[in-house]
Student: 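Quick one: this structure, given as structure tokens, is what I'll be asking you about.
Chain letters run A, B, ... following the sequence lines, proteins first, then strands; residues in each count from 1.
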Amino acid sequence: KIKMCSFVRPFLLSVILTSMFSLLRSDPLLPPSTQQVHRDSLVCASQPPPAQYGGRHTVTLIPGDGIGPELANHVRELFRFCCVPVDFEVVNVDSTMASEDDINNAIMAIRRNGVALKGNLETNHNLPPSYKSRNNLLRTTLDLYANVMHCQSLPGVRTRHRNIDIMIIRENTEGEYSSLEHENVPGVVECLKIITRTKSLRIADYAFRTAREKGRTRVTAVHKANIMKLGDGLFLECCKEVASGYPEITFDSMIVDNTTMQLVSRPQQFDVMVMPNLYGNVVSNVCAGLVGGPGLVPGANYGEDYAVFETGTRNTGKSIANTNTANPTAMLLASCLLLDHLKLHAYANMIRRAILSTVTETRLHTADLGGQGSTSEVVQSIMKVKNFTVTF
Amino acid sequence: VGSPAFLSLQRERRCLGVCDGGQMQTVTLIPGDGIGPEISTAVMKIFEAAKAPIRWEERNVTAIKGPGGRWMIPPDAKESMDRSKIGLKGPLKTPIAAGHPSMNLLLRKTFDLYANVRPCVSIEGYKTPYTDVNLVTIRENTEGEYSGIEHVIVDGVVQSIKLITENASRRIAEYAFEYARNNQRSSVTAVHKANIMRMSDGLFLRKCREVAENYKDVKFTEMYLDTVCLNMVQDPTQFDVLVMPNLYGDILSDLCAGLIGGLGVTPSGNIGANGVAIFESVHGTAPDIAGLDLANPTALLLSAVMMLRHMGLHDYGNKIQTACFDTIRDKKVLTKDLGGNSKCSEFTADICRRVQDLD
């Protein structure tokens, strides 16, 4: 009998245990229905960062201003409760400081981790132009070119229109938000709106790819090319060019003022909408209002290499900060989008199911939905949802 | 322009209207294209039934090339408008690739129509998901994003210039506050995006704040464009008078028109320098139903009512508006777009009858 036998058995035991552990954690063992959700995550062009340190992901968390910090805490609380393998690296950005060090630190953290969850940073618009919007700086530096907002009518939320299901894809880095302004003559200010072929093609391509992957049938480009013939004309031309490569998807275009009119009378006619930056701002806020308000819709910003998740309408909610009345749904659903991006679909679906079942309970509706529930009540109730377990 | 002298001229003209009583006032009527002529006829009939002291001077506007190669409106139309100072305009078609700018743009430039005013009031008989809408959008109409200055920097990179000037911003702000004061509106909200467009919208906002100092009886607030859109579709009753630069005004005024039922029922007025005001219907020419007596004259009629109020003839304005709303509320004689299947002439006749009954 060889002396090695004494440590072969424990070694074999450890190998067996490790392989069992890794089998438990790998995706193929997920029930088939959950695997279908994998299709959704293919939409984001970038690959999620590899999970380091024992299967746990590190995600940058920027609490932001107003209701941001309390909602960020609720996300952390919920993730801890569900044992989600995500560690948050919190980076605080003080929007009152004139220096851009804080936001640069945040950008570096996002570059390091690849993914972030963020609250809105307030911009004091009475400060001089040298103080740029921190949110805009983040988006343009990381080249998060696509802002995606999926507005769906939720059961249990009473709105004037029903059966809305619109996906809004908004160019996130150029257009009117280029922050290029000058005053050549005192009293006359010029602001430049830049539209480039590269970025228009890129966002159009993203929109059509998303439509194809999600099985959507129609893409509408929103523009004002009758007035801004060169600028929006170029955007429209790029969309048409990309559309020719996707013959199964119907492409049409609509002028932005007609679009808003149609949205308030018959929003069910829209499917996927793609547009430049400012129109995207208007249309996404109108759609968010149509499905129930800023507290319900999550938003995602995707780039080639990074992804940042936040609430869809990017409000700071200054007036209701620290009153425990904010609606946590938008931020929690954004965290589910984050989990989908990290390919942690089982956790994402579990949390999403729990959130959606809570939103149907009228007595838990927060003030923005016409109820009297508090934020903590909603979060507690999400955690108490029956069958709230991860199935592997 | 925008100065106390101009504003006192406005007040004077309004006084004239009220004190005149029976004296006829001339209004330049531009029937327009498509359904324009039939709805203009409808409006004239209703005014006749109401015995309003208005004398119509019909003029056509087509672009003609003046000396120096510049496109302009026909001189007789310009002369008539300069004399009467008040105009009512039907829809004008914009031919594509005709070589000349749109007629609406030409009119705007000729008379320096700097303010576009659109009161959006829910019509009781015409159901939309939004009830109790009662707001006014005042849009700067000459500069901003629609200055038309665009360049191709290099192949594939286009720059559009948004122009904001101190004078135009001050002028529109003053008009907005004057309007609020004269029409007993309690608040004016400036809509902007100064967090992103710091200098341009910042300038607009500063001018609004400066003008607000002189109108302490009217409440002044500022709101981001996205917040306004978000709140507008959830609860439009929180808004009163909204003042904003060109692009935001375009989008928001159409959004508000959508809330009350669309462009077929929305009145609109353009205020120019030197006391000129042109009221118009903002819908299209509808060439497919032109000449078939199917058109809905409500938009032009409500614009004409706005015109009467502008001239100080509030009684006539109220009478005609009441008759129009009663007809719509009654639902017996409605045109196709309002949900009925009556002819335009029947609809008009019903309103005329009610106007005469109200007397």
Side-chain angles (χ1 to χ4, degrees), chain A residues 123-129 131-133 136 160-161 176-177 179-183 186-198 224 226-234 256-258 260-265 278-279 281-290 292-294 313-315, chain B residues 94 102 128-130 145-153 155-167 169 192-205 222 224-235 247-248 250-259 261-263:
Chain A
T123 309
N124 182 353
H125 59 262
N126 296 311
L127 291 173
Y131 178 89
K132 298 202 175 74
S133 155
N136 202 22
R160 291 184 175 89
H161 307 272
E176 297 82 350
Y177 287 40
S179 304
L180 294 165
E181 297 177 295
H182 48 257
E183 191 169 357
V188 176
V189 176
E190 285 185 350
C191 174
L192 304 180
K193 163 180 164 163
I194 311 287
I195 301 273
T196 57
R197 197 175 160 71
T198 350
K224 190 87 192 163
N226 53 342
I227 305 284
M228 286 182 257
K229 299 186 169 70
L230 290 182
D232 286 352
L234 175 61
V256 61
D257 40 11
N258 189 22
T260 48
M261 219 179 334
Q262 297 292 323
L263 275 171
V264 291
S265 40
L278 184 68
Y279 311 146
N281 190 346
V282 172
V283 169
S284 55
N285 275 272
V286 170
C287 290
L290 291 174
T313 47
R314 303 172 176 168
N315 305 100
Chain B
T94 302
S102 80
T128 60
Y130 300 89
E145 296 81 350
Y146 294 1
S147 40
I149 312 168
E150 292 186 298
H151 321 283
V152 178
I153 312 284
D155 194 23
V157 178
V158 176
Q159 131 191 325
S160 289
I161 294 189
K162 163 178 163 165
L163 199 65
I164 300 278
T165 58
E166 213 177 285
N167 290 336
S169 304
H192 65 100
K193 249 206 113 42
N195 51 345
I196 301 291
M197 289 177 259
R198 197 67 55 76
M199 279 174 85
S200 33
D201 282 354
L203 174 60
F204 178 80
L205 213 51
E222 314 169 353
Y224 287 139
L225 172 67
D226 38 9
T227 315
V228 172
C229 289
L230 189 59
N231 293 342
M232 183 73 78
V233 294
Q234 294 184 282
D235 181 22
L247 175 69
Y248 314 151
D250 193 4
I251 300 175
L252 271 181
S253 57
D254 276 7
L255 178 66
C256 298
L259 295 178
L263 297 179

Student: Enter the distance from A:Ser133:OG to B:Asn195:CG here, rounded to the nearest 0.5 Å.
Tutor: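 A:Ser133 atom OG to B:Asn195 atom CG measures 6.0 Å (nearest 0.5 Å).
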Student: Just verifying a value: how many Å separate B:Ile164 CD1 and A:Glu183 CD, rounded to the nearest 0.5 Å?
Tutor: 12.0 Å
Student: Start with the C-alpha distance between A:Asn258 and B:Asp254, add both sets of side-chain angles, then the distance that settles side chain to side chain contact (heavy atoms under 4.5 Å, CB included), and finish with yes or no.
Tutor: CA-CA 7 Å; A:Asn258 189 22; B:Asp254 276 7; 5.9 Å; no
Student: Which region of B:His151, side chain (C-beta onward) or backbone (N, CA, C, O), has a non-hydrogen atom less than 4.5 Å from a non-hydrogen atom of chain A, or is it both or neither?
Tutor: backbone
Student: Closest approach of B:Cys229 and A:Val286, non-hydrogen atoms and distance?
Tutor: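 B:Cys229 and A:Val286 have their closest heavy atoms at CB-CG2, 3.8 Å.
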Student: Please step through side chain to side chain contact (heavy atoms under 4.5 Å, CB included) for the pair A:Asn281 and B:Leu225, ending with a clear verdict.
Tutor: CA-CA 9 Å; A:Asn281 190 346; B:Leu225 172 67; 5.7 Å; no
Student: Please check: side-chain N/O of A:Arg160 versus main-chain N/O of B:Gln234, any donor-acceptor pairing under 3.5 Å?
Tutor: yes
Student: Based on non-hydrogen pairs under 4.5 Å, which of B:Ser253, B:Cys256, B:Gly258 is most in contact with chain A?
Tutor: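 The candidate making the most pairs under 4.5 Å is B:Gly258.
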Student: Please check: side-chain N/O of A:Glu181 versus main-chain N/O of B:Ser200, any donor-acceptor pairing under 3.5 Å?
Tutor: yes
Student: Evaluate the side chain to side chain contact (heavy atoms under 4.5 Å, CB included) criterion for residues A:Leu278 and B:Lys193: first the C-alpha distance (whole Å), next the side-chain angles of each, then the deciding distance (0.1 Å), finally the verdict.
Tutor: CA-CA 10 Å; A:Leu278 184 68; B:Lys193 249 206 113 42; 3.9 Å; yes
Student: Is A:His161 close to chain B through its backbone or its side chain, or both, or neither, when contacts mean heavy atoms under 4.5 Å?
Tutor: side chain
Student: Is the closest side-chain heavy-atom distance between B:Arg198 and A:Pro128 below 4.5 Å?
Tutor: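 Not touching, per the 4.5 Å side-chain cut-off.
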Student: Do you know which of A:Gly292, A:Pro294, A:Ser179 has the most heavy-atom pairs under 4.5 Å to chain B?
Tutor: A:Pro294
Student: Grab the two heavy atoms, one from A:Val264 and one from B:Tyr130, that are nearest each other, plus how far apart they are.
Tutor: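 A:Val264 and B:Tyr130 have their closest heavy atoms at O-CE1, 3.8 Å.
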Student: Select one option (side chain, backbone, both, neither) describing which atoms of A:Gln262 are under 4.5 Å from chain B's heavy atoms.
Tutor: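 When you check distances to chain B, no heavy atom of A:Gln262 falls under 4.5 Å.
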Student: Measure B:Leu252 against the heavy atoms of chain A and call it side chain, backbone, both or neither at under 4.5 Å.
Tutor: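 It is neither, since no heavy atom gets under 4.5 Å.
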Student: Please round to the nearest 0.5 Å and tell me the distance separating atom CG of A:Leu192 and atom CD1 of B:Ile153.
Tutor: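 Separation between the atoms: 7.5 Å.
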Student: Measuring heavy-atom distances to chain A, does B:Ile196 have an atom under 4.5 Å in its side chain, in its backbone, in both, or in neither?
Tutor: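 Looking at B:Ile196, backbone and side chain both touch chain A.
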Student: Looking at A:Asp232, A:Leu180, A:Asn126, A:Val283, which one has more heavy-atom pairs under 4.5 Å with chain B than the rest?
Tutor: A:Asn126
Student: Between A:His125 and B:Tyr224, what is the ring plane arrangement, given parallel below 30°, perpendicular above 60°, and tilted in between?
Tutor: perpendicular
Student: Quick one: OG on A:Ser265 to CG on B:Leu259, what's the gap to the nearest 0.5 Å?
Tutor: 9.0 Å
Student: Where on A:Leu234 is there a heavy atom nearer than 4.5 Å to chain B: the side chain, the backbone, both, or neither?
Tutor: side chain
Student: Which region of B:Ile161, side chain (C-beta onward) or backbone (N, CA, C, O), has a non-hydrogen atom less than 4.5 Å from a non-hydrogen atom of chain A, or is it both or neither?
Tutor: both
Student: State, to 0.1 Å, how close B:Leu255 and A:Thr260 come at their nearest heavy-atom pair, and which atoms those are.
Tutor: CD1-O, 3.7 Å
Student: For B:Asp155, is there an ion pair with A:Arg197 - N to carboxylate O distance below 4.0 angstrom?
Tutor: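 Judged by the 4.0 Å cut-off on N to carboxylate O distance, A:Arg197 and B:Asp155 do not form a salt bridge.
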Student: When heavy-atom pairs shorter than 4.5 Å are enumerated against chain B, which of A:Asn285, A:Asn315, A:Leu127 gives the highest number?
Tutor: A:Asn285
Student: Please classify the contact between B:Glu222 and chain A as side chain, backbone, both or neither, with a heavy-atom cut-off of under 4.5 Å.
Tutor: side chain
Student: Could you check which of A:Thr196, A:Asn124, A:Thr313 has the highest count of heavy-atom pairs closer than 4.5 Å to chain B?
Tutor: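 Winner by heavy-atom pair count: A:Thr196.
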Student: When you measure from the side chain of B:Glu150 to the backbone of A:Lys229, do you find a donor-acceptor pair of N or O atoms at a distance under 3.5 Å?
Tutor: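 Here the side-chain-to-backbone pair exists.
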Student: Is the closest side-chain heavy-atom distance between B:Asp226 and A:Val282 below 4.5 Å?
Tutor: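 No, side chains not in contact.
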Student: For a quick test of reading the model, state the closest non-hydrogen atom pair linking A:Ala288 to B:Leu230 and the distance between them.
Tutor: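 Closest approach of A:Ala288 to B:Leu230, heavy atoms only: CB-CD1, 4.0 Å.
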Student: Under a 4.5 Å cutoff for heavy-atom pairs, which residue among A:Thr123, A:Asn136, A:Ile195 has the most contacts with chain B?
Tutor: A:Ile195
Student: Relative to chain A, which of B:Gln159, B:Met232, B:Lys162 shows the most heavy atom pairs under 4.5 Å?
Tutor: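 Going by pairs under 4.5 Å, I would pick B:Lys162.
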Student: Just how far is it from atom CD of A:Glu190 to atom CG of B:Leu163, taken to the nearest 0.5 Å?
Tutor: 6.0 Å
Student: For the atom pair CE (A:Met228) and CD1 (B:Ile149), what is the distance rounded to the nearest 0.5 Å?
Tutor: 12.0 Å
Student: Non-hydrogen atoms of chain B under 4.5 Å away: do they reach the side chain of A:Tyr279, the backbone, both or neither?
Tutor: side chain
